[in-house]
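Every heavy atom of this structure was used, including side-chain atoms; hydrogens, water molecules and symmetry mates were not. The sequence lines fix the lettering, A, B, ..., with proteins before strands; numbering per chain opens at 1.
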Amino acid sequence: VSDADVLPRMLHAIDALDWPAVRAAFAGQVRVDYTSLSGGEPETLPVGDLMARWQGLLPGFDATQHLSGPVLLTDEDAGVRADTHVRGYHHLRGADGGETWGVYGHYTARLADGKITELTLQVFYQEGNFGLPALAVERAAISPRRPAG
Amino acid sequence: MSEQDPAAVRDTISRYGRFIDDRDWDGLASILADSIRFDFTSLWGGEPERVTGIELVGRWRGMSERLDATQHLITGVLPEIDGETATVVASLMAVHRRASATGGPLWTVGGTYRFGLRRTADRWVIDGLSLRVAWVEGNQAVVSGG
């Protein structure tokens, strides 16, 4: 896998609920920074914890789409920085308050040996139903979506 | 696999979107195989089918001629090449516009394309096309109604 494909490949795997492929994109420890979406602090956690978090959310949507943009690679002392825009669509049919939650922004990842060691989401704007993630967490626990064949 | 193959495969996928949006039907025909596994059941229902390249051009042409414009934004293109064949996963956002449509001028589809391709003497051609829809927004009557 070329460094330029790591982020798009991980995002496709998220949309397909292909957890082994999501896992394979990351190093054992990951620093994640979603503070521009959900507040709090950046954190460093084992990749298994990150998987568990996403597995408790994403299967609760009927579908997600992470539309990535051109990937820009920059060499750094410790590895490679990969940047891309992202438009994340999260869809839940029949949800009160609207079926779609859109998160639009930019991902910056740091890669070492082709694996993501840091992932930062910079949110530009959101639209649609901001209550959708809470509904998805509930639904993921009760009737999660299965990966498409 | 030659070093040029991934770029050539990506080019075919980019051209697919461009030819449709440009209504370049000869161009579109030139990157399609004679026989194509076609699965848009997540959008239109029905069953996966096998269509000829000419038939597929005719379908897209028939839809396009009812519209004022389309834009197929195809991103995150990931080729997997295996000798003379390839598969590609890519993200799609397709905007369809018809100003006169009752109920609004835009219908937008977001989802994941899966292409199959095979190598010919001078290019990679598409012999498989499926779409898994993630979301739809706007007025479907842009393409189907009055």
If hydrophobic clusters are built by linking Ile, Leu, Val, Met, Phe, Trp and Tyr wherever their side-chain heavy atoms come under 4.5 Å apart, do [X] and [Y] end up in the same one?
X        : Y        : value
A/Leu11  : A/Val30  : yes
A/Tyr89  : A/Tyr107 : no
B/Val77  : A/Leu73  : no
B/Leu78  : A/Val86  : no
B/Tyr113 : A/Leu7   : no

Among B/Val133, B/Leu92, B/Leu73, which residue has the highest count of heavy-atom pairs closer than 4.5 Å to chain A?
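Heavy-atom pairs under 4.5 Å are most numerous for B/Leu92.
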For chain A, find which of B/Gly111, B/Ser91, B/Gly110 contributes the most heavy-atom pairs closer than 4.5 angstrom.
B/Ser91
So does A/His85 have more than 12 non-hydrogen atoms from other groups sitting under 6.0 Å from NE2?
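Counting neighbours around NE2 of A/His85, 12 or fewer heavy atoms of other residues, nucleotides or ligands fall under 6.0 Å, so no.
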Kindly check if the number of other-residue, nucleotide or ligand heavy atoms within 6.0 Å of CZ (B/Arg50) is above 12?
yes
Could you tell me which non-hydrogen atom of [X] sits nearest to which non-hydrogen atom of [Y], and how far apart they are?
X       : Y        : result
A/Ala63 : B/Ala134 : CB-O, 3.3 Å
A/Asp15 : B/Arg132 : O-NH2, 3.8 Å
B/Gly76 : A/Ser68  : CA-OG, 3.6 Å
A/His12 : B/Thr75  : NE2-O, 4.5 Å

Using non-hydrogen atoms and a 4.5 Å limit, figure out which bit of A/His90 sits close to chain B: side chain, backbone, both or neither.
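Neither part.
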For A/Ala4, is it the side chain, the backbone, both, or neither that has a heavy atom closer than 4.5 Å to a heavy atom of chain B?
neither
A/Glu99 side chain vs B/Glu137 backbone, donor-acceptor pair below 3.5 Å
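No, A/Glu99 side chain to B/Glu137 backbone: no donor-acceptor pair under 3.5 Å.
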